[in-house]
**Student:** 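Submitted below is the structure of interest, expressed as structure tokens.
When a ligand or atom number is given, it counts from 1 through the structure's own listing order. We count residues from 1, following the sequence as given.
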Amino acid sequence: MYRGIKLKKKFGQHFLINEKIKHKIIEYADISKKDVILEIGAGIGSLTTPLCKNARKVIAIEKDGELVDFLRNVFSNEKKVEIIEGDILKIKLPKANKIVSTPPYNISSELIFLLLDHGFKTIVLVLQKEFAQRLVSKPGSKNFGRLTVMVRYKGEVELLEYVSKENFYPVPKVDSAIVRIVPRKDIPKLVYDDLFNDFVRELFSQRRKKTRKVISSFMEKKIGGYSKKIILPNKLEEKRVYELSNSEIINLFLYHTAKKDLTKY
Ligand code: SAH
């Protein structure tokens with residue numbers, strides 16, 4: 001319970017209660033009076049209040065109707081705060097230039113991909129520690145995988161600092177981390193975006209195999225009869241999948257799909 005509101009576990013309701021950390025988040029997002037901030041999962045408004053003090057406007061999305069009533073009450077006299085009741089994964093995203101939030105952890109992946117495709121300038125999120133570590137892991141490490149490649153293909157990611165679970169109420173089971181993502185403006189145009197997704201998925205489903213083998217079988221599956229004697233760009237394909245870096249994966253994809261007729265995908 002929080003001030004008469006029954007908290008709902010399925011909505012991942014854990015409220016940030018440490019003022020210092022709230023202010024660090026504001027600093028990491030470099031918020032000024034020019035910024036319109038989108039906040040996902042405003043909860044009881046713990047982050048909404050400092051955001052509103054520093055930004056031009058805050059648009060706060062909240063799925064739980066009870067908390068929406070609570071927030072509307074708290075911010076009834078605050079013109080800079082707009083509260084929208086809804087599910088961030090279903091509503092049309094409002095216009096804002098930055099995202100600053102402590103969203104529920106069970107939607108982390110889906111949320112990040114959604115946000116990366118909407119042209120925000122900066123995204124600062126508090127995420128589950130292990131998830132954050134996957135985003136910044138290095139090629140060759142066990143955490144480096146499809147999530148790492150797909151997110152970092154679309155944005156620059158920094159893990160700024162860890163936040164221990166005692167800084168939330170009620171205390172969750174896991175620790176957190178503050179992450180900043182700056183979406184890239186110069187994303188290589190892959191044309192076959194879905195195919196790239198499948199390509200990365202296929203690679204990491206066989207991460208210990210030689211890259212050449214995985215790519216040949218992938219291309220055969222996708223376009224049929226792909227030559228087994230493929231020319232290896234810089235011998236990249238002699239590496240095992242888990243040894244490849246992000247840019248190597250993108251290059252391999254471009255190399256193998258550039259001249260093919262893949263319009264049917
Ligand atoms: N930012 C607040 C609350 C964090 S808890 C704080 O730090 O104190 C996460 C919040 O997201 C909860 O209030 C939960 O109700 C809300 N939420 C959960 N799923 C959501 C969704 N799909 N869309 C919008 N809000 C969601």
**Student:** Tell me the protein heavy atom at minimum distance from atom 23 (N) of ligand 1, and give that distance in Å.
**Tutor:** Ile88 N, 3.0 Å

**Student:** Evaluate the salt bridge (Lys or Arg N to Asp or Glu O under 4.0 Å) criterion for residues Lys24 and Glu27: first the C-alpha distance (whole Å), next the side-chain angles of each, then the deciding distance (0.1 Å), finally the verdict.
**Tutor:** CA-CA 5 Å; Lys24 277 195 172 159; Glu27 272 173 32; over 6 Å; no

**Student:** Considering the options Arg3, Arg72, Lys6, Lys8, which one meets the salt bridge (Lys or Arg N to Asp or Glu O under 4.0 Å) requirement together with Glu66?
**Tutor:**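 Testing each of Arg3, Arg72, Lys6, Lys8 against Glu66, the sole residue satisfying salt bridge (Lys or Arg N to Asp or Glu O under 4.0 Å) is Lys8.
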
**Student:** Suppose I only count heavy atoms of Gly41 and a 4.0 Å limit; which atoms of ligand 1 are within that range?
**Tutor:**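 Selected atoms, number and element: 1 (N), 2 (C), 3 (C), 4 (C), 10 (C), 11 (O), 16 (C), 25 (N).
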
**Student:** Looking at Gln13, which atoms of ligand 1 are within less than 4.0 Å of one of its heavy atoms?
**Tutor:** 5 (S), 12 (C), 13 (O), 14 (C), 15 (O)

**Student:** For atom 8 (O) of ligand 1, what is the nearest protein heavy atom, given as residue, atom name and distance?
**Tutor:** Ser46 OG, 2.3 Å

**Student:** A side-chain contact here means heavy atoms from C-beta on lying under 4.5 Å apart; do Ile40 and Leu115 qualify?
**Tutor:** yes

**Student:** Using heavy-atom distances, let me know which of Lys10, His14, Glu62, Lys22 sits nearest atom 15 (O) of ligand 1.
**Tutor:**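 That would be Glu62.
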
**Student:** Using heavy atoms and a 4.0 Å limit, tell me yes or no: is Leu67 in contact with ligand 1?
**Tutor:** yes

**Student:** For side chain to side chain contact (heavy atoms under 4.5 Å, CB included), just list the numbers for Asn106 and Phe11, CA-CA rounded to whole Å, side-chain angles, deciding distance to a tenth of an Å, and then say yes or no.
**Tutor:** CA-CA 8 Å; Asn106 59 345; Phe11 286 167; over 6 Å; no

**Student:** For ligand 1, is there an N or O atom under 3.5 Å from any N or O atom of Pro103?
**Tutor:**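 Looking only at distances, the answer is no, because the N/O contact criterion of under 3.5 Å is not met.
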
**Student:** Only heavy atoms of Leu16, strictly under 4.0 Å: list the atoms of ligand 1 that pass.
**Tutor:**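 In order of numbering, the contacting atoms are 6 (C), 7 (O), 8 (O).
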
**Student:** Under a 4.5 Å cut-off applied to non-hydrogen side-chain atoms, are Leu135 and Ile112 in contact?
**Tutor:**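 Touching, per the 4.5 Å side-chain cut-off.
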
**Student:** Which residue from Thr102, Ile25, Leu47 reaches closest to atom 2 (C) of ligand 1 through any of its heavy atoms?
**Tutor:** Thr102

**Student:** What are the atoms of ligand 1, with element, lying closer than 4.0 Å to any heavy atom of Gly43?
**Tutor:**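 Near Gly43, the atoms of ligand 1 are 3 (C), 13 (O).
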
**Student:** Are more than 12 heavy atoms, taken from residues, nucleotides or ligands other than Glu110, located less than 6.0 Å from that residue's CD atom?
**Tutor:**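 No, because the 6.0 Å sphere around CD of Glu110 holds 12 heavy atoms or fewer from other groups.
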
**Student:** Any cation-pi pair here, Lys154 with Phe113, using under 6.0 Å and within 45°?
**Tutor:**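 Checked: cation-pi criterion not met.
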
**Student:** Measuring from non-hydrogen atoms of Lys8 to any atom of ligand 1, is the shortest distance under 4.0 Å?
**Tutor:**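 Distance cut 4.0 Å: Lys8 fails for ligand 1.
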
**Student:** Return the residue, atom name and 0.1 Å-rounded distance of the protein heavy atom closest to atom 19 (N) of ligand 1.
**Tutor:**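 Ranked first by proximity to atom 19 (N) of ligand 1 is Pro104 CG, 3.3 Å.
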
**Student:** Report yes if some N/O of Gly12 lies less than 3.5 Å from some N/O of ligand 1; otherwise report no.
**Tutor:**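 N/O-N/O distance below 3.5 Å does not exist for this pair.
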
**Student:** Could you see which bit of Ser101 sits under 4.0 Å from ligand 1, with heavy atoms only: side chain, backbone, both or neither?
**Tutor:** neither

**Student:** Would you mind running through ligand 1 and noting each atom that sits below 4.0 Å from a heavy atom of Asp87?
**Tutor:** 21 (C), 22 (N), 23 (N)

**Student:** Count the heavy atoms of every other residue, nucleotide or ligand shown that sit under 6.0 Å from NZ of Lys209, and state whether that count exceeds 12.
**Tutor:**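 Open: at most 12 neighbouring heavy atoms sit under 6.0 Å from NZ of Lys209.
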
**Student:** Considering only heavy atoms of Glu39, which atoms of ligand 1 have at least one such atom less than 4.0 Å away?
**Tutor:**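 So the answer, numbered in order with elements, is 1 (N).
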
**Student:** Between Tyr28 and Glu161, does a side-chain hydrogen bond (donor to acceptor under 3.5 Å, both in side chains) hold up when you go through it step by step?
**Tutor:** CA-CA 10 Å; Tyr28 286 135; Glu161 105 173 55; 2.6 Å; yes

**Student:** Under 4.5 Å between any side-chain heavy atoms of Arg240 and Arg207, yes or no?
**Tutor:**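 A side-chain contact is absent here, since even the closest heavy-atom pair is not under 4.5 Å.
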
**Student:** Can you sort out which atoms of ligand 1 are near Gly86, meaning under 4.0 Å from one of its heavy atoms?
**Tutor:** 23 (N), 24 (C)

**Student:** Can you list every pair that meets salt bridge (Lys or Arg N to Asp or Glu O under 4.0 Å) and has a residue in residues 28-39, with sequence neighbours left out?
**Tutor:** Asp35-Lys98

**Student:** Nearest protein heavy-atom contact for atom 25 (N) of ligand 1: which residue, which atom, what distance?
**Tutor:** Lys63 N, 3.4 Å

